[in-house]
Every structure is written in structure tokens, then in C-alpha cells.
Amino acid sequence: ETGVTQTPRHLVMGMTNKKSLKCEQHLGHNAMYWYKQSAKKPLELMFVYNFKEQTENNSVPSRFSPECPNSSHLFLHLHTLQPEDSALYLCASSQDRGSGQPQHFGDGTRLSIL
Amino acid sequence: GENVEQHPSTLSVQEGDSAVIKCTYSDSASNYFPWYKQELGKRPQLIIDIRSNVGEKKDQRIAVTLNKTAKHFSLHITETQPEDSAVYFCVAAGNTPLVFGKGTRLSVIA
């Protein structure tokens with residue numbers, strides 16, 4: 001299934017770099033999500049967008065900046081990250097943000113901060 | 001907000017045996033309970049889900065049960081196979097988007 005595509009798959013960056021993660025969905029969904037998955041932790045919801053509007057920000061540090069130009073694309077802009085930000089970043093989409101909507105995940109971007 | 005507890009964190013079974021993973025949730029408004037399977041290095045994939053108006057659902061070797069009164073739900077895998085080895089996440093959703101449990105690493109030993 002390639003309904004949700006994330007690029008790049010792997011990213012290594014220094015703490016002073018600026019990079020962006022990209023997510024694209026071809027499922028006609030209206031809601032998109034960013035999750036962080038660290039070792040030995042559950043998936044942590046970071047941001048939710050519904051019809052291009054941000055509906056949730058789970059107290060994410062400002063060094064992570066999301067952007068949703070349309071319902072099919074979602075970006076996560078990264079700057080001045082810390083070593084503890086190394087993790088797998090997963091994008092997901094669902095029909096809309098409503099309850100009872102299964103989410104479809106991308107393969108994730110494995111981020112390593114040096 | 002919603003809090004999901006999942007047990008056990010690791011589970012090893014012999015091929016052909018059954019595996020059971022249990023979860024509890026805290027928000028009585030939660031009404032949707034999907035289960036995701038994540039194989040090593042791959043994306044989480046939905047394997048089965050249940051809604052609060054249903055007590056049990058089965059799909060081949062996988063079944064889920066839901067006890068709304070006790071706020072418990074469980075995943076049952078019968079006749080386990082090596083390809084069932086993965087991390088399984090229980091999830092609760094209602095007024096909030098999906099809240100994931102911490103995951104259960106299932107190992108099926110051939």
C-alpha cells in the first residue's frame with residue numbers, strides 16, 4: 001500500500017541544521033497527522049490538521065513547525081533540534097478528524113540528530 | 001484526556017498457540033478501538049477495529065472483545081504463526097484522535 005508517502009526515509013542532521021520532512025497522501029483524506037515514535041515509548045501525537053487547519057498541537061516544542069498547504073500534503077520543518085529528537089517520525093491520514101476514523105500511516109522518516 | 005494501558009509489554013508463544021493482549025482505557029466517551037500491527041522497520045497497519053456498539057468482532061485468526069462497563073478490550077490471535085511476530089498497539093479514540101497504548105512485542109517461536 002503506498003497511499004501515504006513520506007520523504008526522506010532517513011535523515012541525519014546536526015543540531016544547527018534546518019530540514020523538512022514531507023508527507024503526501026493519495027487517499028482523498030481530509031485529516032493528516034504527525035507522530036513521533038521513540039524507542040520504548042508509545043506513538044506520540046504531535047500535530048493534527050483537518051481540512052488544512054491545525055486542530056491540535058500536543059505541546060510540541062517550537063523547533064518543530066508543521067505546514068499543511070492542502071489536504072494532500074503535510075510538512076514538518078525542523079530547526080535547532082536536540083539529540084533527544086532522534087526518532088521515527090510518522091505521518092498518517094484519515095477521512096477526517098472525526099471519531100471512529102481509521103488512520104493510514106506512511107513508512108516514516110528515521111531522524112538522527114548528531 | 002484519554003489514557004490507554006496495555007499488557008503485557010512482551011509476549012512469547014510457541015507457534016500454533018494463542019496470544020492475548022489486554023488493554024484498558026480511561027475515557028468513557030471513547031467509542032472506537034482499532035488495533036495496529038507494526039513489523040520491524042515498517043509502518044503501523046490496521047489489522048482489526050471494534051466500535052462501542054459491538055462486544056466482539058472476529059476476522060479469521062484474529063478476534064477483539066470489548067467490555068465497555070469495565071473499559072477493557074483485548075486482542076486474541078489463535079493458531080499463531082511466525083509472521084505474526086510484531087509489535088501490536090491497542091488504541092482508543094472518541095473526543096480525541098487516536099491514543100495509543102505502549103505496545104506489545106509478540107514473538108512467535110517456531
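Residue numbers begin at 1 in each chain, while the letters A, B, ... track the order of the sequences. Quick note: numbers below take in every heavy atom, side chains included, and nothing from hydrogens, waters or symmetry partners.
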Which of B:Gly103, B:Pro44, B:Ser52 touches chain A most, by non-hydrogen pairs under 4.5 Å: B:Pro44
Is [X] linked to [Y] within one hydrophobic cluster, defined over Ile, Leu, Val, Met, Phe, Trp and Tyr using a side-chain heavy-atom separation of less than 4.5 Å?
{"X": "A:Leu45", "Y": "A:Phe105", "result": "yes"}
{"X": "B:Leu106", "Y": "B:Ile109", "result": "no"}
{"X": "A:Val48", "Y": "A:Met32", "result": "no"}
{"X": "B:Ile47", "Y": "B:Val54", "result": "yes"}
{"X": "B:Trp35", "Y": "B:Ile77", "result": "yes"}

Heavy-atom check, side chain of A:Glu44 versus side chain of B:Phe100, under 4.5 Å: no
Close side-chain approach of A:Pro102 and B:Tyr32, heavy atoms under 4.5 Å: yes
B:Leu40 atom CG: more than 12 heavy-atom contacts under 6.0 Å: no
Region of A:Gln37 in contact with chain B, defined by heavy-atom distances below 4.5 Å: side chain
Residues of residues 59-93 of chain A within contact distance of chain B, non-hydrogen under 4.5 Å: A:Leu88, A:Leu90
Side chains of residues 8-25 of chain B: which donor-acceptor pairs under 3.5 Å do they make with residues two or more places apart or in other chains?
none

Straight-line distance of B:Lys102 NZ to A:Leu43 CG, nearest 0.5 Å: 13.0 Å
Interatomic distance, B:Leu98 atom CG to A:Gln101 atom CD [nearest 0.5 angstrom]: 9.5 Å
Residue part contacting chain A, namely of B:Tyr36, when any heavy atom lies under 4.5 Å: side chain
Contacting region of B:Gln6 [heavy-atom separation from chain A under 4.5 Å]: neither
